[in-house]
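Labels below follow one simple rule: chain letters A, B, ... track the order of the sequence lines, proteins then strands, and each chain is numbered from 1.
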2 protein chains.
Amino acid sequence: MRLSDAEWKVMNALWACEPATARAVLESLEDSDWAYTTVKTMLARLVEKGILTEEKSGNKSVYASCMSRQVARRSAVRSLLDKAFDGTFGSLLHHLVDDERLSAKEKSALRKALATRKRSSS
Amino acid sequence: MRLSDAEWKVMNALWACEPATARAVLESLEDSDWAYTTVKTMLARLVEKGILTEEKSGNKSVYASCMSRQVARRSAVRSLLDKAFDGTFGSLLHHLVDDERLSAKEKSALRKALATRKRSSS
DNA sequence: ACTATTCTTCTACGTTCGTAGTAGAAGTTC
DNA sequence: GAACTTCTACTACGAACGTAGAAGAATAGT
């Protein structure tokens, strides 16, 4: 399932405070000045897409995600690969290392992560 | 400037054979069965967005990109970071190493690339 | 119980996307 | 130069997106 930019915005907010009411999500979106009903609309659409569950408690709805951030991220990466990197990780990794300006710190963190992972999983 | 999925498709085709006519782009899109006019519409939109130039030669238009693949890729990565990875490379890299199932081969390629780059640039 | 606040549901409206048809101009073939 | 092919320009149209107002239902304060 595919998330639009605005949907990512609300999902990011929700993941940070779920389960949450629409109002809580709105407040957790400090940097944006969406109307309450806008948030509500997004939430409803996400429920409809099966990405969130909505549970009524009294007259309020409480929302919770059915999709973890990790899964959503994977699918976003997948979709980037498909459209922009010939569908392969290799291509993306190559780009990251060669064409993006990673700081020395980022590079060394990456190297370290790789080294660790090499041993632990495979 | 932002490319949609379909726009990426035509850009990928175009980068592979530019400068090219609409027909050439269509043919370079073997795996898709778009109508000629669909390609034409996409090209026109890309020209309007300033991503392509269109040059008439006789009654045909020849298209060429103003935006390199690398730049487009950077901006796609940037936009992924912003919506899904807190805007930081660190977060993406961490995800790649920890949460995506990179094959051993990919990992070692990545390690190698990093090692090389370590010496050559920066 | 009455009013103010808050929620929810429904509806709306402009924009971008994906996809393509139609019509007319230009070039090609015999 | 008449018929056929190919191009271009214009228009269309439904789906998804971004954004939000209006109206009505529930709750809360006094």
Side-chain angles (χ1 to χ4, degrees), chain A residues 1-14 17-64 72 75-76 79-80 82-84, chain B residues 1-14 17-64 72 75-76 79-80 82-84:
Chain A
M1 209 51 54
R2 172 85 159 218
L3 300 179
S4 74
D5 286 13
E7 285 166 349
W8 268 101
K9 229 166 93 177
V10 24
M11 288 305 290
N12 283 328
L14 186 73
C17 62
E18 85 185 304
T21 63
R23 175 107 359 223
V25 171
L26 174 62
E27 266 146 30
S28 156
L29 282 166
E30 262 316 328
D31 47 341
S32 112
D33 50 351
W34 276 352
Y36 176 82
T37 46
T38 301
V39 174
K40 203 65 175 114
T41 302
M42 293 314 300
L43 289 169
R45 285 185 188 167
L46 286 163
V47 168
E48 196 180 346
K49 284 194 186 181
I51 299 188
L52 297 185
T53 56
E54 173 174 16
E55 196 149 329
K56 301 245 153 144
S57 144
N59 76 327
K60 322 195 165 187
S61 288
V62 175
Y63 299 90
S75 120
S79 134
L80 176 68
D82 287 343
K83 76 180 168 208
Chain B
M1 208 51 54
R2 174 85 159 217
L3 300 178
S4 74
D5 286 14
E7 284 166 350
W8 268 100
K9 228 166 94 175
V10 23
M11 288 306 290
N12 283 329
L14 186 73
C17 63
E18 84 185 304
T21 63
R23 175 118 347 235
V25 171
L26 174 63
E27 265 147 29
S28 156
L29 283 166
E30 262 316 328
D31 47 341
S32 112
D33 49 354
W34 277 351
Y36 176 83
T37 46
T38 301
V39 174
K40 203 65 175 109
T41 302
M42 293 313 301
L43 290 168
R45 285 184 187 168
L46 287 163
V47 168
E48 196 179 345
K49 285 195 187 180
I51 299 188
L52 297 184
T53 57
E54 173 174 16
E55 196 149 330
K56 301 244 152 139
S57 145
N59 75 329
K60 321 195 165 182
S61 288
V62 175
Y63 299 90
S75 119
S79 133
L80 177 67
D82 286 343
K83 75 180 169 206

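- Under 4.0 angstrom from either OP1 or OP2 of D:dT8 there lies at least one side-chain N or O belonging to B:Ser61.
- Contact between the side-chain N/O atoms of B:Tyr36 and the OP1/OP2 oxygens of C:dG21 is not found at any separation under 4.0 Å.
- Here C:dT8 is the nucleotide among C:dA20, C:dT8, D:dT19 with the atom lying nearest to any side-chain atom of A:Lys40.
- Between D:dT19 and A:Thr38, no contact under 4.0 Å exists linking OP1 or OP2 to a side-chain N or O.
- Heavy atoms of B:Lys49 sit under 4.0 angstrom from primed sugar atoms or phosphate atoms, though from no base atom.
- Residue A:Asp5 contributes atom CG, which lies 13 Å from atom C1' of D:dA16 at whole-angstrom precision.
- Using a 4.0 Å heavy-atom cutoff across all strands shown, B:Arg45 reaches at least one base atom of the nucleic acid.
- In this structure, B:Lys60 contributes its side chain and B:Ala22 its backbone to no donor-acceptor pair below 3.5 Å.
- Nearest heavy-atom pair, A:Met1 versus A:Ser75, reported as atom, atom and distance to 0.1 Å: O-OG, 3.7 Å.
- Taking only side-chain nitrogens and oxygens, A:Thr37 never comes nearer than 4.0 Å to OP1 or OP2 of D:dA20.
- Nearest to the side chain of A:Ala6, among C:dC7, D:dC7, D:dG18, sits D:dG18.
- When heavy atoms are screened at a 4.0 angstrom cut-off, A:Thr41 is found touching base atoms of the nucleic acid.
- Atoms CD (B:Glu48) and P (D:dA9) sit 12 Å apart, rounded to a whole Å.
- When heavy atoms are screened at a 4.0 angstrom cut-off, A:Ser4 is found touching the sugar-phosphate backbone but no base atom.
- In this structure, A:Lys56 reaches the sugar-phosphate backbone alone: every heavy-atom distance under 4.0 Å involves primed, P, OP1 or OP2 atoms, never a base.
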